[in-house]
Amino acid sequence: MSWLQKLLPPKIKRTLGDTKKTVPEGLWSKCPTCESVLYRTDLEKNQEVCPKCGFHNRIGARARLDQVLDAEGRMEIGSEVTPLDPLKFKDSKSYAERIKASQKDTGETDALVVMQGSINTVPAVVAAFEFRFQGGSMGSVVGERFVRGVNACIDHKLPFICFAASGGARMQEGLFSLLQMAKTSAALTALSRAKLPFISVLTDPTMGGVSASFAMLGDVILAEPGALIGFAGPRVIEQTVRETLPDGFQRAEFLLEHGAVDLIVDRREMRDKLVKLISSLMRLPENG
Amino acid sequence: MKTSFLDFEQPIAELEARIEELRYVQDDSALDISAEIKTLTAKSQKQTKDIYAKLGAWQISQVARHPQRPYTLDYLQGMFTHVEELHGDRAYADDPAIVGALARLNGEPVMVVGQQKGRDTKEKIYRNFGMPRPEGYRKALRLYRLAEKFGLPVITLIDTPGAYPGIGAEERGQSEAIARNLYVMAELRTPIVAVIIGEGGSGGALALGVADQMLMLQYGMYSVISPEGCASILWKSAEKAPDAAETLAITANRLKALGLIDRIINEPVGGAHRDPEGMMQSLRKALGETLKLFQGRSMDEIIQTRYERLMAYGKFKEAS
């Protein structure tokens, strides 16, 4: 069990895990909330959103980028940067082994994928977290790729969009990870000076050091329906305050109600919404 | 106040108890035992020195959290003059877990912001054990801006287990409050010096820790997660905290070697709590020297250096 899974209450835990791997293509899939039995292919066609109840299943970084970016003219940023083990960290398993296992499982070299491309012909740089890679945790590579994405925006006068899905800072890189919070947040000051928009999209889950840094610094902050978003994990809070948490606590709707996010956006409308927001913020000609 | 001893200080505690006993009987004793007391005192001091010379990371984290360690308000009183505490975030509340004050250091006006723990049970609860809520971080932010406006250097004193994980804190945007501080401190147009005086607990500490110069007391700790938290997640047992402390690299020596802090301020023998005045003298001197580093430098240059320093954080492989 990953450290993040431990933080989450049992109800959420059930929706974790790699359904794609355990359920072969073309078989039935059961929605974790409405329990409707769905064809996998139908679910995939619907961007992993349950057609019956609208539940947003978690998706990987590449699938996310495929949904948002046009197929043509993509260029990956920061893939030349790969993880090290600066502390020679070892618990029951060494960090080096954990990294290798995640790389094998996900096909990614770390938890953030950044791409320059276009969204419905509007040029942009889009970053997406791979939650299956060490719980989407932020270490040195995630921070550096984020910064390189921001720098590409400054160089080419592009907007920056980031889809967060992360348990927080990566413990195994110690203070290096904590300082990525400062590094990514500082990079956004440069983006701001260049008057380029940063749109932060919070997806399930966005917690800890990622939530408490760049993710909450969007010029516009969007959230996917039902996403768990917060600083401290619900279990930690429950143990601290010794109270039962209110219904819907730390869900996207809760954040909207408390003024922490601008909009909740259905994944199937995300692309259009992004184009609309970017076009207005950057004073682009009206689109379509 | 009687010193409270940590587990690994038992040999010192025993000697000190013996000295105490002798002092007690000395008054009505015909024999002169002052020589004996003197020998024992020297022995105790040597013992303390020896024990502290080889503290492990876990032991250091206990010293960093020692209940008698000087806290932010102690430093404010002992190290600064013309102290005027400023309160409130102007939006919701005044968070007692973060204190901020206009003050003078060696005659020069500065803005001091730090987390504040409590000494006795009542004060601990009042200070929320030094765990700030969003309004605390927003008060800090307001004071950073105030310092910027009037060109005062900011000195932050970091000492917290972490930001408070509570229902209200989440409702009022704990994440945003911390994130905003990181952002503003990166571009604040006045010098910032941060000092880890005790416990540097994760994001709640970092929100006061974006700085041009990062100082750390010899027995302070600074970590992405508490050793206990890390142990219970990765080792599935909080008892492995000593192992976690060692491997997380949380001590001043390790962090200096990794290039993540600029300067270690040595503590008196046996830790800051054994001689708070001595500690404050050293820190005041170090802060004075550090502030001199900014003289004659333009604000643009200071901000640029700060930015480059932030961008350099991280260790990774790069394919050419």
Side-chain angles (χ1 to χ4, degrees), chain A residues 3 6-7 80-84 86-92 139-141 143-144 147 169-183 185-190 193 208-209 211-217 229-233 236-237 240-241 243 245-246 249-250 254 258-260, chain B residues 162-167 169-187 200 202-207 209-210 222-225 229-236 240 243-244 247-250 254-255 258 260 306-307 310-320:
Chain A
W3 58 272
K6 277 199 70 161
L7 286 178
E80 66 280 7
V81 177
T82 51
L84 281 176
L87 304 182
K88 303 274 166 277
F89 197 98
K90 194 168 189 319
D91 49 276
S92 55
S140 300
V141 171
E144 181 65 17
V147 168
R170 191 173 295 169
M171 286 178 283
Q172 292 91 341
E173 290 181 31
L175 207 65
F176 286 110
S177 296
L178 186 73
L179 293 170
Q180 299 311 306
M181 294 170 64
K183 176 171 172 170
S185 301
L188 293 173
T189 65
R193 268 195 306 281
S211 159
S213 61
F214 64 85
M216 281 296 171
L217 294 172
I229 302 157
F231 175 68
V236 173
I237 297 174
T240 308
V241 301
E243 273 176 63
L245 302 176
F249 182 65
Q250 293 184 317
F254 172 92
H258 287 87
Chain B
Y164 185 56
I167 295 174
E170 294 288 328
E171 286 174 336
R172 298 192 294 280
Q174 187 73 289
S175 288
E176 194 273 347
I178 293 171
R180 190 63 55 193
N181 277 16
L182 304 181
Y183 182 96
V184 168
M185 290 180 97
E187 60 170 15
S202 195
L206 182 66
V210 180
Y222 192 13
S223 182
V224 65
I225 183 169
C230 180
S232 61
I233 295 168
L234 290 179
W235 278 265
K236 326 258 183 271
K240 292 285 186 184
D243 296 323
T247 192
L248 275 167
I250 60 176
R254 289 286 300 277
L255 293 172
L258 292 169
L260 297 176
R306 188 189 302 157
Y307 189 78
L310 286 163
M311 290 308 121
Y313 284 144
K315 286 253 191 285
F316 45 81
K317 232 185 305 188
E318 173 140 31
S320 47

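So that the names make sense, note that chain A is the first sequence line, chain B the second, and so on, each numbered from 1.
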Asker: Between A/Ile229, A/Val147, A/Val141, A/Leu188, who has the most heavy-atom pairs with chain B when the cutoff is under 4.5 Å?
Answerer: A/Leu188
Asker: Do side-chain atoms of B/Gln174 reach the backbone of B/Pro165 as a donor and acceptor pair under 3.5 angstrom?
Answerer: no
Asker: Check side chain to side chain contact (heavy atoms under 4.5 Å, CB included) between B/Ala205 and all other residues, then give those that pass, not counting sequence neighbours.
Answerer: B/Ile158, B/Thr160, B/Tyr222
Asker: Quick one: of A/Pro86, A/Ala182, A/Gly143, who has the most non-hydrogen atom pairs under 4.5 Å with chain B?
Answerer: A/Ala182
Asker: Please flag which part of B/Leu260 lies under 4.5 Å from any non-hydrogen atom of chain A: side chain, backbone, both or neither.
Answerer: side chain
Asker: Going by the rule side chain to side chain contact (heavy atoms under 4.5 Å, CB included), which residues pair with A/Ser211 if we only count those two or more places apart in sequence or in a different chain?
Answerer: A/Thr206, A/Met216, B/Ser175
Asker: For the residue pair B/Trp235 and A/Phe89, categorise the inter-ring angle as parallel (less than 30°), tilted (30 to 60°) or perpendicular (more than 60°).
Answerer: tilted
Asker: Among B/Ala163, B/Gly200, B/Ala177, B/Gly162, which residue has the highest count of heavy-atom pairs closer than 4.5 Å to chain A?
Answerer: B/Ala163
Asker: Would the distance check show the side chain of A/Gln250 and the main-chain N or O of A/Ala232 forming a donor-acceptor pair, the cut-off being under 3.5 Å?
Answerer: yes
Asker: Where does B/Ser223 contact chain A at under 4.5 Å (heavy atoms): side chain, backbone, both or neither?
Answerer: backbone
Asker: Can you tell me which portion of B/Leu248 sits under 4.5 Å from chain A's heavy atoms? Options are side chain, backbone, both or neither.
Answerer: both
Asker: Just so I understand: if I count every heavy-atom pair under 4.5 Å between each of A/Leu245, A/Thr189, A/Thr240 and chain B, which residue has the most?
Answerer: A/Thr189
Asker: Between B/Ile250 and chain A, which part of the residue has a heavy atom less than 4.5 Å away: side chain, backbone, both or neither?
Answerer: neither
Asker: Determine the option with the most heavy-atom pairs under 4.5 angstrom with chain B, choosing from A/Ser185, A/Gly139, A/Ser177, A/Ser92.
Answerer: A/Ser185
Asker: Any idea which heavy atoms bring A/Leu84 and B/Lys317 closest together, and the distance?
Answerer: CG-N, 3.7 Å
Asker: Is a side-chain donor or acceptor of A/Ser213 paired with a backbone partner of B/Ala179 at a separation under 3.5 angstrom?
Answerer: no
Asker: Can you measure from CE (A/Met171) to CG (A/Leu178) and round to the nearest 0.5 angstrom?
Answerer: 13.0 Å
Asker: Against chain B, work out which of A/Ser140, A/Ala260, A/Pro83, A/Gly230 has the most heavy-atom pairs shorter than 4.5 Å and name it.
Answerer: A/Ser140
Asker: Among A/Asp91, A/Val81, A/Leu87, which residue has the highest count of heavy-atom pairs closer than 4.5 Å to chain B?
Answerer: A/Asp91
Asker: Is B/Thr247 reaching over with its side chain to a backbone N or O of B/Ala244, donor-acceptor style, under 3.5 angstrom?
Answerer: no
Asker: Which atoms of B/Tyr183 are under 4.5 Å from chain A, going by heavy atoms: the side chain, the backbone, both sets, or neither?
Answerer: both
Asker: Quick one: which of B/Lys240, B/Glu171, B/Met185 has the most heavy-atom pairs under 4.5 Å with chain A, could you say?
Answerer: B/Glu171
